[in-house]
*Asks:* 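First the structure, then my questions, so here it is.
Numbers restart at 1 for each chain; the letters A, B, ... are given by sequence-line order, proteins then strands.
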There are 2 protein chains.
Amino acid sequence: MNKVTHQTIRQSILERIQKGEWALGELIPGEAALAEEYGCARTTINRALQGLADEGLVVRKRKGGTRVCNMPVRQARFDIPIVREQVEAFGGHYRHQVLRKVEKVPPLSIRTRLGLEKGAKALQLDTVHLADGRPFAYEARWVNLKVVPQIRSAPFDEVSANEWLVQTVPFSSGDVSFSAVAAGKDVASALECKEGDALFVIDRTTSLAGEFVTTMKLFYREGYQLYSRL
Amino acid sequence: MNKVTHQTIRQSILERIQKGEWALGELIPGEAALAEEYGCARTTINRALQGLADEGLVVRKRKGGTRVCNMPVRQARFDIPIVREQVEAFGGHYRHQVLRKVEKVPPLSIRTRLGLEKGAKALQLDTVHLADGRPFAYEARWVNLKVVPQIRSAPFDEVSANEWLVQTVPFSSGDVSFSAVAAGKDVASALECKEGDALFVIDRTTSLAGEFVTTMKLFYREGYQLYSRL
DNA sequence: CCTTTTATTATGTGTGTACATATAAATATG
DNA sequence: CATATTTATATGTACACACATAATAAAAGG
């Protein structure tokens, strides 16, 4: 006989849902009823159900009760990777090389992304990340100098822009998108691949307290896969 | 003055972390101390910190205390989409078309993925998803007939294989991976794009109670982006 | 000095209670 | 009959308390 904890209850209810004890969208017993059934306090059931709700398996509503989610869209959690760690995780030797580092007025698309005024300069930073000497990913980045002016004197021969920013402005929020693009001329030459090759791209914009810090496109070499369990 | 709830406390602590009040990897005050500071019960602080721990912002250890995560790898949560809903979310008219539906012995790569015996047949199902009549995504799927034999008689003129499976074996687990590939001949003709175009691909394998149910590759038409806030 | 044992301590979790809040359902009102 | 108001109810949340558990630090033993 297992101990009755919010974890075991959560697992148990999950299994009952998977077995089909309650149909999609159907109401499951209330907290009070489940508490009696499992022989525990309502608080404990509440925690278990909240957990399932966080994962999107059930939907809860005051007075409405708890029901099995009728639109079971499973969520995948991805770790947005730091390239160095990716490379080293595969046992490769990591190195990076700054291809361009200039302050200049960015194109409109970048300007609006970073929320810059017309004519304001930003730092353009292009880096190639190498695994065992071979190009692994190409990073095209723009940095908002108003927010992180210290980046001008950052030692980019030691750490990559990515890592420097993670250290300096950690826990920033933002958005990511994944897509596929055909390699352009610059990217192809940096990654030593053919123009037009299908590349996996992570597009990421980072902001801190309402201010946009940096926006970046990361082009992975051909064949790269981003993997996750769900 | 805001009410003191686990939510407001959580937000407050998050901001203090972002402001850099505690360095990366540094110990933050214990629950008891914070409870006194915020003037609430320890239970409430516990909930706030647990929440931050779930999001990967802090690491907690018994006796060791709570410390700011020193490896701030932000996680992105993605909803693994159902194509119909994606199309309809953009206001498009959804329709799908089954291009192939045959039972046959799958190639080795699929066989191992589904955990089938040598010579066992599986259902091959190729579908094209259309938005306003235009190809939106191409789905190449294999289904394990041992686990879901009922699929033979599923009404695929009404619902897509994806939806049928979601309805029939909901809340299954599995894995996903994202990548970019160049469109092959079949895919190109189904999506009405050029061969070699860079396509975004979701590769998904689903299992239920240790048995593999189905594996699928979903090729999106050019330009598709998968987006998420973090 | 090193190893083993024993506190000590911060988090983890369950309980019972009380009250807050949203909302569905029932009732009163025009 | 439609609309506004009230009531009942399930979840949401805070609290005080007790004990469990893991991991570190201190003490004891060799």
Side-chain angles (χ1 to χ4, degrees), chain A residues 1-17 21-72 171, chain B residues 1-17 21-72 171:
Chain A
M1 182 67 181
N2 278 332
K3 248 183 294 185
V4 174
T5 69
H6 68 104
Q7 302 242 25
T8 60
I9 291 171
R10 178 169 161 172
Q11 184 62 30
S12 161
I13 294 177
L14 193 158
E15 278 161 16
R16 290 169 74 178
I17 290 174
E21 184 167 335
W22 305 290
L24 269 67
E26 196 179 303
L27 209 64
I28 77 175
E31 293 185 349
L34 287 170
E36 194 171 356
E37 182 184 336
Y38 282 96
C40 67
R42 186 174 76 87
T43 328
T44 310
I45 298 290
N46 184 291
R47 260 174 98 172
L49 290 177
Q50 292 248 18
L52 292 173
D54 286 346
E55 286 192 4
L57 276 118
V58 298
V59 179
R60 319 195 73 201
K61 243 186 182 169
R62 278 173 170 149
K63 165 81 181 182
T66 304
R67 50 187 71 228
V68 178
C69 185
N70 55 17
M71 211 250 280
F171 307 111
Chain B
M1 183 66 183
N2 279 332
K3 246 183 298 185
V4 175
T5 68
H6 69 104
Q7 301 244 27
T8 60
I9 292 171
R10 178 169 162 172
Q11 185 61 30
S12 160
I13 294 177
L14 193 157
E15 279 161 15
R16 290 168 74 177
I17 290 175
E21 183 167 334
W22 305 291
L24 268 66
E26 195 178 303
L27 210 64
I28 76 176
E31 294 184 350
L34 287 169
E36 196 171 355
E37 180 183 338
Y38 282 97
C40 67
R42 186 174 76 86
T43 329
T44 310
I45 298 289
N46 185 290
R47 253 175 107 171
L49 290 178
Q50 291 249 17
L52 292 173
D54 286 346
E55 285 192 5
L57 276 118
V58 298
V59 179
R60 319 194 70 202
K61 245 182 176 171
R62 277 172 170 151
K63 165 81 182 181
T66 304
R67 51 188 69 228
V68 179
C69 186
N70 54 17
M71 211 252 281
F171 309 111

*Asks:* Consider the side chain of B:Arg42, meaning its heavy atoms from C-beta on, and name the nucleotide among C:dG12, D:dT13, C:dG16 that approaches it most closely.
*Replies:* C:dG12
*Asks:* Looking at the side chain of A:Arg62, which of D:dA22, D:dA8, D:dG12 is the nearest nucleotide?
*Replies:* D:dG12
*Asks:* What is the distance, rounded to the nearest whole Å, between atom CG of B:Asp54 and atom C1' of C:dT11?
*Replies:*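 Atom-to-atom, B:Asp54 to C:dT11, this comes out as 14 Å.
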*Asks:* Measure the distance from CZ on A:Arg60 to C1' on C:dT21 and round it to the nearest whole Å.
*Replies:*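 So the CZ-C1' distance, A:Arg60 to C:dT21, works out to 14 Å.
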*Asks:* Starting at atom CD1 of B:Ile45, determine the distance to atom C1' of D:dT13, rounded to an integer number of angstrom.
*Replies:*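 Checked: the CD1 to C1' distance equals 14 Å.
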*Asks:* Could you state the OH-P distance from A:Tyr38 to C:dG14, rounded to the nearest angstrom?
*Replies:*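 It is 14 Å, rounded to the nearest whole Å.
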*Asks:* Side chains of A:Glu15 and A:Gln11 only: does a donor on one sit below 3.5 Å from an acceptor on the other?
*Replies:*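 Side chains of A:Glu15 and A:Gln11: pair found under 3.5 Å.
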*Asks:* Using whole Å, what does the distance between atom P of nucleotide C:dA25 and atom CG of A:Leu27 come to?
*Replies:*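 It is 10 Å, rounded to the nearest whole Å.
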*Asks:* Report which part of the nucleic acid B:Gly30 touches: base, sugar-phosphate, or nothing (heavy-atom distance under 4.0 Å, all strands).
*Replies:* sugar-phosphate
*Asks:* Measure the shortest side-chain to side-chain distance between A:Gln50 and A:Arg60 over non-hydrogen atoms and say whether it is less than 4.5 angstrom.
*Replies:* yes
*Asks:* Could you check if a side-chain atom of B:Val68 sits within less than 4.5 angstrom of a side-chain atom of A:Phe171, using non-hydrogen atoms only?
*Replies:*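 The answer is yes, as the side chains (C-beta and beyond) meet within the 4.5 Å cut-off.
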*Asks:* So A:Thr43, base contact, sugar-phosphate only, or nothing? Heavy-atom distance under 4.0 Å.
*Replies:*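 Contact class for A:Thr43: base.
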*Asks:* If you compare every side-chain N and O of A:Thr66 against the phosphate oxygens of D:dA10 (OP1, OP2), does one of them come in below 4.0 Å?
*Replies:*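 No.
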*Asks:* Can you figure out which of C:dG12, D:dT13, C:dA24 approaches the side chain of A:Lys61 most closely?
*Replies:*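 In terms of side-chain proximity for A:Lys61, the closest of C:dG12, D:dT13, C:dA24 is C:dA24.
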*Asks:* Write down the distance between CZ (A:Arg10) and P (C:dG14), rounded to a whole number of angstrom.
*Replies:* 12 Å
*Asks:* Could you tell me the separation between the NZ atom of B:Lys63 and the C1' atom of C:dT9, rounded to a whole number of Å?
*Replies:*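 After rounding, the reported distance stands at 4 Å.
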*Asks:* Can a side-chain donor-acceptor contact be found between B:Tyr38 and B:Ser12 if the only test is distance below 3.5 angstrom?
*Replies:*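 On atom types as modelled, these side chains qualify, holding a pair under 3.5 Å.
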*Asks:* Which one, C:dG12, D:dT11, D:dA14, comes nearest to the side chain of B:Thr44?
*Replies:* D:dA14
*Asks:* Between A:Arg67 and A:Gly25, is there a donor-acceptor pair closer than 3.5 Å when you use the side chain of the first and the backbone of the second?
*Replies:* yes
*Asks:* Looking at C:dT13, I'd like to know if its phosphate oxygens (OP1 or OP2) sit under 4.0 Å from a side-chain N or O belonging to A:Gln7.
*Replies:* yes
*Asks:* For B:Leu49 and D:dA14, give me the distance from atom CG to atom P, rounded to whole Å.
*Replies:* 13 Å
*Asks:* Indicate whether OP1 or OP2 belonging to D:dG12 is found under 4.0 Å from a side-chain N or O atom of A:Gln50.
*Replies:*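 Indeed, a polar side-chain atom of A:Gln50 lies that close.
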*Asks:* Between C:dG12, D:dA23, D:dT11, spot the one nearest the side chain of B:Asn46, thanks.
*Replies:* C:dG12
*Asks:* If you only use heavy atoms from C-beta on, which nucleotide in C:dA22, D:dT13, C:dT11 is closest to the side chain of B:Thr5?
*Replies:* D:dT13
